Participant: 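Got a structure here, written out as structure tokens. Questions coming.
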Amino acid sequence: MLTFKLAFKNIYGAGLITWLNVIALSFAYVAIIFIQGLISGMTHQMETANINAQYGNGQYWHTLYDPFDPLTLEDAHGKIPAELQQLVEQKKALPILIRQATIYPQGRMQNVLLKGIETDQTILTIPTSSLAGDNGSIPALIGSRMAKTMGLNLDDDVIVRWRDANGMFDADEVKIVAIMNTNASDIDNGQLWIPIDRMRKMTSMPNEATMLVLHKDLHFNQPVSSWQYKDLNFLLKDLRAAMKVEAIGDSLFYIVLLLLAMLAIFDTQFLSLNRRRKEMGTLMALGMTRSDLIKLFTMEGAMYALLAAVAAAIYGAPLFIYLASNGIAMPKGVDNFGYGIGDVLYPIFTFDLILKTVLIVLIITTIVSYLPARKIAKLNPTDALRGK
Amino acid sequence: MIRCGRTQNPNPGPPVAVIPQGEHMNDSYLIKAEQLTKTFPMGPTTLVALDNINVGFNKGEFAGLVGPSGSGKTTLLNIIGSLDIPTSGSMEVMGEKIETLSHKKAARLRNHHIGFIFQIFNLLPVYTVFENVEFPLLLQNIQSSTRKQMVMDALKWVGLADRSTSKPSQLSGGQSQRVAIARAIVKKPALVLADEPTANLDAKNSHNIMQTMIQLNEDLETTFIFATHDAKVMQYLKRIITLDDGIIQNDETPAKAV
């Protein structure tokens with residue numbers, strides 16, 4: 001407690017230098033927390049978008065289904081087993097039938113995934129209700145990115161060609177009845193959604209599906225023959241890995257910022273300790289031990305981190321609260337970088353994140369202060385008194 | 001070998017202190033130096049700061065180490081104050097062998113039993129007068145109320161009770177040195193070591209400071225040892241030990257003191 005009091009008095013008495021260090025370090029706090037908060041918010045938003053729009057609370061895949069190998073789609077379909085069918089009837093699971101197809105927008109040929117989905121489903125946030133109704137042509141729903149890249153607009157008719165269960169090619173016209181905005185980039189492009197009933201007829205695959213999406217509130221992962229359960233950890237693995245890479249890239253920025261702040265503290269401490277040799281000699285003459293001195297000067301350094309945390313809280317907390325509740329408007333086209341964030345990004349600043357940041361900065365600052373203090377405290381008291 | 005910066009005979013005979021060993025030596029000494037030598041390496045050669053010194057100080061003495069610059073008086077004072085250790089020989093202060101003391105024990109000895117007064121006051125600039133005087137007591141973990149009383153008593157002793165909230169930068173040289181004295185005596189040490197305490201003071205302030213210390217010496221029976229070459233100080237000393245080239249040349253009790 002004595003060391004704490006003395007350290008506080010010393011750095012408070014040091015005036016401007018202290019406040020410059022504190023302000024520089026507080027910027028590091030705010031920047032680290034801000035960047036980490038952005039990444040957390042981004043990850044959360046993307047995960048939520050994907051859970052809501054495609055993953056639900058896990059999926060059952062036909063055993064032959066491999067999303068990374070389009071050739072498997074030919075055979076990746078089967079009758080829905082009884083235990084899953086029960087869930088479908090209770091509206092707790094949503095069957096999706098997937099086939100490869102080709103569309104010909106404006107005379108061009110484009111490969112797409114043809115996906116059949118129930119029009120009255122409520123499990124995913126895809127606006128499938130727009131596919132309801134029977135006006136003759138096949139109603140189709142596409143993502144806005146697909147609409148843009150393929151030059152498709154509402155009410156456009158486009159020819160689609162597919163193969164049925166027997167491998168026979170067939171073709172028909174589909175009408176674009178809805179263009180959805182979604183943050184789930186996977187379903188935003190290259191996917192043509194049509195009513196599953198129509199698709200089953202088109203492909204001669206009655207009561208078949210390629211996958212089933214479970215309702216968000218349903219916890220069901222029992223083994224089902226010929227179907228594999230894929231939990232959210234599996235489904236979100238790639239997204240999380242991509243965000244981790246993004247986080248590493250962003251951390252470089254705050255590591256540089258932190259290093260600069262540490263350099264400032266090390267510099268201040270080192271210069272200050274050299275300047276204060278006489279004071280150290282006096283303290284030794286008054287009865288302070290070397291370890292007391294090391295403690296005192298290390299505590300002074302650590303106190304910069306504590307004061308900086310307070311300073312950062314004073315101007316950072318209102319900023320973070322504002323950003324967390326109002327979000328940050330994202331520039332148009334950010335989705336082109338592969339991150340389906342939406343128009344507004346809501347950063348997430350958790351207590352855990354703040355505590356971790358404060359601890360990391362505190363530990364690093366303490367180490368940076370300890371090193372010069374340890375060296376200087378080895379001085380002979382008589383040399384220190386002479387300021388040598 | 002260089003003795004206090006001067007070239008010496010490369011084959012000097014055995015160094016002889018002016019005070020023969022035993023003349024002032026007895027077991028009741030508060031401070032006892034025996035065959036004390038201190039050398040400092042200086043590049044390829046060695047500087048002899050103290051050369052086979054034998055000297056003792058009794059409780060309540062008001063003594064001075066005098067001599068020209070480089071005569072070894074500050075070195076001797078530093079060793080007495082456990083701020084330094086002898087190269088050879090022995091220094092015993094209040095029963096503690098300085099040469100074998102650990103850093104921790106030396107710090108404890110200084111904190112509890114020795115007060116220091118420096119030429120340039122060495123007050124801690126960010127602390128108030130009160131806090132400067134309080135500092136040694138904080139290290140002793142003395143209770144707050146007792147500490148406050150002791151600090152105010154010390155400040156009253158030096159006549160600065162009304163400046164307790166001032167910062168050192170707001171004090172004159174004489175006032176600063178009186179704060180340093182208060183800091184040295186606040187813990188009621190057995191020994192106060194003063195290195196050129198009046199060197200930065202004018203005649204009037206020097207007189208006041210010396211009077212204060214004489215008063216403390218008489219009232220508290222505190223042993224005072226000065227290192228000085230200031231004639232203004234010497235006139236107050238009750239024992240004068242003259243050092244030159246690291247050797248005690250003379251150890252006398254001035255007639256006035258008798």
Side-chain angles (χ1 to χ4, degrees), chain A residues 1-19 21 268-269 271-297 299-300 303-304 307 373-388, chain B residues 38 40 49 74-85 101-128 131-142 144 147 167-169 180 183-184 186-187 189 192-195:
Chain A
M1 196 59 194
L2 172 65
T3 313
F4 186 84
K5 270 189 201 167
L6 295 177
F8 181 77
K9 201 166 264 297
N10 286 344
I11 70 163
Y12 185 75
L16 189 63
I17 294 174
T18 295
W19 298 117
N21 275 333
T268 308
Q269 284 293 89
L271 286 175
S272 150
L273 288 172
N274 277 304
R275 194 166 36 83
R276 291 166 65 189
R277 283 184 181 208
K278 269 190 187 171
E279 182 188 329
M280 294 176 86
T282 307
L283 295 174
M284 286 190 219
L286 293 176
M288 265 199 151
T289 60
R290 284 179 179 172
S291 58
D292 286 339
L293 278 177
I294 293 172
K295 257 191 264 173
L296 175 64
F297 287 103
M299 179 66 84
E300 281 184 26
M303 208 161 270
Y304 283 124
L307 285 178
R374 196 183 61 155
K375 193 173 174 225
I376 299 275
K378 283 181 184 162
L379 271 178
N380 188 319
T382 53
D383 288 339
L385 277 168
R386 284 198 293 265
K388 278 188 177 174
Chain B
K38 178 69 184 178
F40 295 103
T74 298
T75 306
L76 182 55
L77 211 63
N78 284 339
I79 295 174
I80 294 172
S82 73
L83 292 172
D84 209 348
I85 51 167
L101 273 185
S102 65
H103 286 296
K104 220 169 191 170
K105 281 188 175 168
R108 192 179 156 75
L109 177 71
R110 290 193 293 269
N111 182 227
H112 284 79
H113 303 296
I114 305 174
F116 288 89
I117 300 169
F118 303 98
Q119 180 179 341
I120 52 162
F121 326 130
N122 288 30
L123 297 179
L124 302 168
V126 298
Y127 296 175
T128 62
E131 289 162 343
N132 263 284
V133 178
E134 186 189 28
F135 194 89
L137 305 179
L138 286 172
L139 296 178
Q140 290 182 22
N141 290 322
I142 291 175
S144 170
R147 210 166 59 219
K167 286 277 176 77
S169 58
R183 184 177 65 184
V186 68
K187 58 200 175 190
V192 172
L193 303 174
D195 190 4

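Order of the sequence lines sets the chain letters (A, B, ...), proteins ahead of strands, with each chain counted from 1. This is a predicted model, so every value here is computed, not measured.
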Participant: For chain A, which residues from residues 112-125 of chain B lie under 4.5 Å away (heavy-atom distances)?
Facilitator: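 Within residues 112-125 of chain B, the residues that come under 4.5 Å of chain A (heavy atoms only) are F116(B), F118(B), I120(B), N122(B), L124(B).
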Participant: Please check if the side chain of K38(B) supplies one atom and the backbone of I85(B) the other of a donor-acceptor pair under 3.5 Å.
Facilitator: yes
Participant: Not counting sequence neighbours, which residues clear side chain to side chain contact (heavy atoms under 4.5 Å, CB included) with T128(B)? List them please.
Facilitator: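 Scan of T128(B) (side chain to side chain contact (heavy atoms under 4.5 Å, CB included), adjacent residues dropped) gives F130(B), E131(B), K167(B).
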Participant: Do R183(B) and L286(A) have side-chain heavy atoms sitting under 4.5 Å apart?
Facilitator: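 Yes - at least one pair of side-chain heavy atoms lies under 4.5 Å apart.
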Participant: For P136(B), is there any backbone N or O sitting under 3.5 Å from a side-chain donor or acceptor partner on N111(B)?
Facilitator: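 At least one qualifying donor-acceptor pair exists.
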Participant: Top residue by heavy-atom pair count (under 4.5 Å) with chain B, among L283(A), D383(A), T282(A), T289(A)?
Facilitator: T282(A)
Participant: Under the side chain to side chain contact (heavy atoms under 4.5 Å, CB included) criterion, do M288(A) and L6(A) qualify, and how do the steps go?
Facilitator: CA-CA 12 Å; M288(A) 265 199 151; L6(A) 295 177; 3.8 Å; yes
Participant: Determine whether a donor-acceptor pair (N or O, by modelled atom type, separation under 3.5 Å) exists between the side chain of K9(A) and the backbone of Y127(B).
Facilitator: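 The answer is no, because no donor-acceptor pair under 3.5 Å joins these two groups.
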Participant: For S82(B), does its backbone N or O pair with a side-chain atom of R110(B) as donor and acceptor, under 3.5 Å?
Facilitator: yes
Participant: So which of N380(A), N10(A), D292(A) has the largest heavy-atom pair count under 4.5 angstrom toward chain B?
Facilitator: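 Answer, by heavy-atom pair count under 4.5 Å with chain B: N10(A).
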